[in-house]
J.: 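Mind looking over this structure? Questions follow.
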Amino acid sequence: MFMKRFRASLLALCAFAVMAPAAFASDGTQVVVTGGALSITNPAAANFPGVTLNGAAQSPTAALATFSVTDATGSGDGWHVTAQADQFTGVSHNLAAGSLSMSQPTVAANGTSSPDPTVASGPYTIDNGAVEIASADVDEGMGTYDFGATTLTLSVPASAYADTYASTVTISVVTAP
């Protein structure tokens, strides 16, 4: 009798083992991840305070607001941030090229674990052409990064002409390892 119960139990166990895989059937699943864009927010540049000529060189300052770079491309190609400004031009005179400098910004990751970009040592003279201020190497800088506010410093020589001078500051990001 014991042998019959054992065989019946063994047969039930074998039947369950054969049925068990069907009870745990699975099907594959997938996801398509589509890359977005490489973008930068536009930082506002404050106006410099007025300067009253006094016979000495002066260095007024103005704030350049925070900005963010987002690499949502999903490519891992890396990128560079550049800063540049036009020469300060007036109605009838110009300030010399090389008169505008920008302090070094800080950078902080905003919700990403990708390695942070490298920020070049500042200050940077930005009215002599584009200057690279930060870069993310290949497979770095993916996600969003917030750059801190910086200070713009303008060198106004003692020999400057009384005039109203203007410039445009441009901060850009381009794909490049």
Side-chain angles (χ1 to χ4, degrees), residues 21 23-51 58-90 94-156 164-177:
F24 297 102
S26 65
D27 190 13
T29 184
Q30 68 180 19
V31 63
V32 175
V33 177
T34 303
L38 177 63
S39 62
I40 189 168
T41 59
N42 185 24
N47 286 326
F48 287 90
V51 173
Q58 297 180 57
S59 299
T61 61
L64 181 67
T66 61
F67 62 94
S68 296
V69 170
T70 299
D71 180 358
T73 62
S75 68
D77 286 344
W79 46 264
H80 296 283
V81 173
T82 59
Q84 67 182 44
D86 300 330
Q87 181 179 7
F88 274 85
T89 58
N94 299 333
L95 294 179
S99 297
L100 182 63
S101 66
M102 177 181 141
S103 64
Q104 178 179 327
T106 58
V107 65
N110 183 347
T112 182
S113 60
S114 182
D116 291 347
T118 302
V119 177
S121 253
Y124 324 99
T125 301
I126 62 172
D127 61 340
N128 269 341
V131 177
E132 184 179 300
I133 63 170
S135 63
D137 289 334
V138 171
D139 297 328
E140 297 181 355
M142 296 168 66
T144 298
Y145 294 87
D146 296 328
F147 288 79
T150 63
T151 301
L152 300 173
T153 303
L154 182 62
S155 296
V156 179
T164 300
Y165 299 92
S167 175
T168 300
V169 176
T170 304
I171 309 295
S172 304
V173 63
V174 295
T175 301

J.: Can you measure from CG (Leu38) to OG1 (Thr73) and round to the nearest 0.5 angstrom?
T.: 6.5 Å
J.: Keeping to residues at least two apart or across chains, list the ring-ring contact (aromatic ring centres under 6.0 Å, His included) pairs with something in residues 135-154.
T.: Phe67-Phe147
J.: Rounded at 0.5 Å granularity, tell me how far CG in Asn94 sits from CD in Gln87.
T.: 4.5 Å
J.: Show, in sequence, the C-alpha distance, side-chain angles and deciding distance for Leu154 and Leu95, and conclude whether the side-chain contact (heavy atoms from CB on, under 4.5 Å) test is met.
T.: CA-CA 10 Å; Leu154 182 62; Leu95 294 179; 4.0 Å; yes
J.: Can you find a pair of side-chain heavy atoms, one from Val81 and one from Val119, that are under 4.5 Å apart?
T.: no
J.: Should Phe48 and Leu152 be marked as a side-chain contact (heavy atoms from CB on, under 4.5 Å) after you check the CA-CA gap, both sets of side-chain angles, and the distance that decides it?
T.: CA-CA 9 Å; Phe48 287 90; Leu152 300 173; 3.8 Å; yes
J.: Any chance you could lay out the side-chain contact (heavy atoms from CB on, under 4.5 Å) test for Val131 and Thr125, step after step, and finish with the verdict?
T.: CA-CA 8 Å; Val131 177; Thr125 301; 5.8 Å; no
J.: Using side-chain contact (heavy atoms from CB on, under 4.5 Å) as the criterion, list what pairs up with Ser59, not counting sequence neighbours.
T.: Thr153
J.: Using side-chain contact (heavy atoms from CB on, under 4.5 Å), reason through Tyr165 and Thr89 one step at a time and then give a plain yes or no.
T.: CA-CA 5 Å; Tyr165 299 92; Thr89 58; 5.9 Å; no
J.: Once you round to the nearest 0.5 Å, how far does CD of Gln84 lie from OG of Ser167?
T.: 9.5 Å
J.: Taking only residues at least two apart or on different chains, which pairs with a member in residues 101-121 satisfy side chain to side chain donor-acceptor pair (under 3.5 Å)?
T.: Asn110-Asp146
J.: Supply the atom-to-atom distance Phe88 CZ to Ser99 OG, rounded to the nearest 0.5 angstrom.
T.: 8.5 Å
J.: Is Pro60 close to Pro49 at the side-chain level, that is, under 4.5 Å between some pair of heavy atoms?
T.: yes
J.: For residues 29-51, which residue pairs qualify under side chain to side chain donor-acceptor pair (under 3.5 Å), counting only residues two or more places apart or in two chains?
T.: none
J.: Residues in side-chain contact (heavy atoms from CB on, under 4.5 Å) with Ala83, at least two apart?
T.: Met102, Ile126, Ile133, Ile171
J.: Nearest 0.5 angstrom please: Asp86 CG to Asp127 CG, how far?
T.: 9.0 Å
J.: For residues 136-144, which side-chain donor-acceptor pairs fall under 3.5 Å, sequence neighbours excluded?
T.:
| from | atom 1 | to | atom 2 | distance (Å) |
| --- | --- | --- | --- | --- |
| Thr144 | OG1 | Thr70 | OG1 | 3.0 |

J.: In Å, rounded to the nearest 0.5 Å, how long is the span from OG1 of Thr82 to CD1 of Ile40?
T.: 8.0 Å
